[in-house]
Amino acid sequence: MTYGKSIELFLVNGTADSLTIAELSNWNGKAIRIPRIEVASCRRSDITQAGVYFLFCRDEIDDSDSVYIGEAENVKERLLQHIRDYQTEKEKYYWNTAIAFIGRDLNKAHIRYLENRLVEIARECNRYTVLTKNTYKNTVLKESQIAAMEEFIDNIKILINTLGYKVLEPFIQKVSNEDIIDSDLLYISIGSAMATGMITTEGFVVLKGSTINEKTSAKSLSAGMAKLRSKHMASNAVDGFVTVENILFSSASAAADFVLGYSVSGPRTWKTKEGRSLKEIEDNQSDTQIKPE
C-alpha cells in the first residue's frame, strides 16, 4: 500500500527561481535547490554539510539535458570548485542549477554509496545524459546502513521529481502484474513498421524493440516532427530502424508520426491486439463516466 506524502517548500528569498528548501515530513534529510549565481553568496550552514548533489545542464544546440551527480563532505565548497574548474576550462559543461541533498549523520561512506546508486538509477532512466565518469562502486556498508541509504534514495526521488527534475523517474513505471502491462499495450503494424507503445502520465512512449518505417514523407510530416525524427534517428535511441530505448512523445499522434514517417491520427492508428483503436477505447471511457447530477 502506498501512502500520501507531505512536502514543505520554503522559498528562502521569496521567489520560486531562487534558493529553495524542500523537506518531507518525518525525514531528517532535505533538498537545497540553488542557482549557480547564488552559490558564492549563500551563507546557510546546511549547504556546507556532507551530501550528494545534481548539476543540471542544457545544451543550447540540440536542447538536450545532461546532469552531473556528485558527492562532497562540504557541498558548497564542492559547488564552488566546479565553478572554478569551468572558469579555468578544466570542465567543459556549464550548469545553471544545483540540487543538493543533505541529512544528519551522513558520512563519507554513505555519500559515496548514494552517489554510485544515483548515477546507476539516472543512467537506467535515460532521461538525461549523465556526465559523472567514475564512482565508488565497492563502498562497504552494513546491511542496516544500506537499508537506510535506499530509503534516503526513495525520498530523493520524491523531492527531485517534485522540484521538476525527472532525472530519477523511469519513462514507464514498473508494476508487478504483467497482465496489467499487456492490457495497456498498443501496436502499429503497417508496412515495415511494427511498433509497441503505451500511454503514460507524461504522454505516449514508444517501447524499445519497435521497428520504425525507413521512408518518410517530407510533404506530410511537419517541420518540427521531421526535425525530431532526425534527432532520434541520429541518437543512441535508434539502431538500424529499431528503437533500443523507450522514447517519450507528447501524444499518440506524435509517436505514430515518428514510427511511420508520415502524418496520421495517433488515436486511430494505435490499436490493441484485438484491433480496437485508442480512439475507440477513449470514446468508451468517456461514455461510461458517471455524469454529475
Side-chain angles (χ1 to χ4, degrees), residues 3 5 7-8 10 19-34 36 38-40 42-57 66-86 90-91 93 95 97-163 165-170 174:
Y3 298 92
K5 301 285 186 180
I7 299 174
E8 178 179 307
F10 176 52
L19 182 64
T20 302
I21 309 299
E23 296 179 273
L24 276 168
S25 59
N26 301 318
W27 184 47
N28 64 15
K30 69 171 68 171
I32 304 172
R33 182 181 65 189
I34 184 168
R36 181 191 187 97
E38 294 182 16
V39 174
C42 183
R43 297 291 179 264
R44 295 181 62 91
S45 60
D46 49 10
I47 201 173
T48 65
Q49 296 178 15
V52 289
Y53 60 89
F54 298 73
L55 307 180
F56 292 98
C57 316
S66 56
V67 62
Y68 181 95
I69 302 173
E71 50 83 13
E73 292 181 275
N74 182 323
V75 171
K76 178 183 177 180
E77 180 53 40
R78 185 68 184 99
L79 297 183
L80 290 173
Q81 185 61 53
H82 278 291
I83 295 173
R84 290 192 291 267
D85 286 346
Y86 181 81
K90 292 180 180 178
E91 288 181 355
Y93 55 88
W95 54 275
T97 302
I99 300 181
F101 291 88
I102 55 139
R104 293 199 302 268
D105 304 322
L106 285 180
N107 58 36
K108 190 64 175 178
H110 293 153
I111 59 178
R112 284 180 171 179
Y113 178 88
L114 290 172
E115 178 197 42
N116 181 64
R117 286 285 291 121
L118 292 168
V119 167
E120 289 178 344
I121 295 167
R123 285 176 175 157
E124 289 172 1
C125 292
N126 203 33
R127 289 179 180 265
Y128 288 68
T129 299
V130 179
L131 302 172
T132 309
K133 300 299 183 183
N134 300 305
T135 62
Y136 293 89
K137 299 181 182 296
N138 299 314
T139 304
V140 178
L141 294 179
K142 296 189 297 184
E143 185 178 4
S144 60
Q145 293 176 313
I146 291 175
M149 291 303 98
E150 289 297 323
E151 182 179 5
F152 199 96
I153 290 169
D154 286 342
N155 289 330
I156 288 177
K157 289 179 179 179
I158 293 170
L159 287 180
I160 203 165
N161 197 3
T162 301
L163 290 171
Y165 297 88
K166 295 182 178 292
V167 60
L168 305 177
E169 187 81 4
K174 294 180 180 178

Within-4.5 Å side-chain heavy-atom neighbours: [X] and [Y]:
X    : Y   : answer
F101 : F54 : yes
R44  : I34 : no
I32  : V75 : no
Y86  : R36 : yes

- Message: Quick check: W27 with F152 (ring centres under 6.0 Å apart)?
- Response: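 Yes.
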
- Taking only residues two or more places apart in sequence or in another chain, which ones pass ring pair (Phe, Tyr, Trp, His ring centres under 6.0 Å) with H82?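 In terms of ring pair (Phe, Tyr, Trp, His ring centres under 6.0 Å), with neighbours along the sequence ignored, H82 is linked to Y53, Y68.
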
- Query: Quick one: ring pair (Phe, Tyr, Trp, His ring centres under 6.0 Å) partners of F56, sequence neighbours excluded?
  - Reply: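 Checked F56 against ring pair (Phe, Tyr, Trp, His ring centres under 6.0 Å); matches are Y128, Y165.
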
- Query: If you draw a 6.0 Å radius around CG in N107, do more than 12 non-hydrogen atoms from other residues or ligands fall strictly inside?
  - Reply: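 Correct, the count exceeds 12.
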
- Message: Can you tell me if Y93 has over 12 outside heavy atoms packed within less than 6.0 Å of its OH?
- Response: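 Yes, OH of Y93 has more than 12 neighbouring heavy atoms, counting only those of other groups under 6.0 Å.
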
Rounded at 0.5 Å granularity, tell me how far [atom1] in [X] sits from [atom2] in [Y].
X    : Y    : atom1 : atom2 : value
R43  : T48  : CZ    : OG1   : 11.5 Å
E91  : I83  : CD    : CD1   : 10.0 Å
E120 : K137 : CD    : NZ    : 6.0 Å
E124 : L168 : CD    : CG    : 10.5 Å
R112 : T135 : CZ    : OG1   : 10.5 Å
M149 : S144 : CE    : OG    : 9.5 Å

- Got a donor-acceptor contact below 3.5 angstrom from the K5 side chain to the I158 backbone?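 Such a contact is absent between K5 side chain and I158 backbone.
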
- Query: Do you know which of L79, T132, V67 makes side-chain contact (heavy atoms from CB on, under 4.5 Å) with L55?
  - Reply: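 Of L79, T132, V67, side-chain contact (heavy atoms from CB on, under 4.5 Å) with L55 is met by L79 alone.
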
Show the nearest heavy-atom pair for residues [X] and [Y], with the distance to one decimal.
X    : Y    : answer
I111 : E73  : CD1-N, 4.0 Å
L118 : I156 : CD1-CD1, 4.1 Å
I69  : E115 : O-OE2, 3.6 Å
L141 : A109 : CD2-CB, 3.7 Å
L163 : A31  : CD1-CB, 4.2 Å

- Item | Residues which pass salt bridge (charged side-chain N to carboxylate O under 4.0 Å, His left out) with E77, listed by chain and number, not counting sequence neighbours |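 For E77 the salt bridge (charged side-chain N to carboxylate O under 4.0 Å, His left out) partners, ignoring immediate neighbours, are R84.
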
- For residues 147-162, pull every pair meeting side chain to side chain donor-acceptor pair (under 3.5 Å), keeping only residues two or more places apart or in separate chains.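 Side chain to side chain donor-acceptor pair (under 3.5 Å) check on residues 147-162 returns Y113-E150, R117-E150, N161-K166, N161-E169.
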
- Message: Tell me every residue that passes side-chain contact (heavy atoms from CB on, under 4.5 Å) with C125, counting only those two or more places apart in sequence or in another chain.
- Response: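 Applying side-chain contact (heavy atoms from CB on, under 4.5 Å) to C125 gives I121, P170.
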
- Apply salt bridge (charged side-chain N to carboxylate O under 4.0 Å, His left out) to E71 and R78, showing your working. CA-CA 8 Å; E71 50 83 13; R78 185 68 184 99; over 6 Å; no

- Item | Residues which pass side-chain hydrogen bond (donor to acceptor under 3.5 Å, both in side chains) with T20, listed by chain and number, not counting sequence neighbours |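 Once residues adjacent in sequence are excluded, the partners of T20 under the side-chain hydrogen bond (donor to acceptor under 3.5 Å, both in side chains) criterion are R33.
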
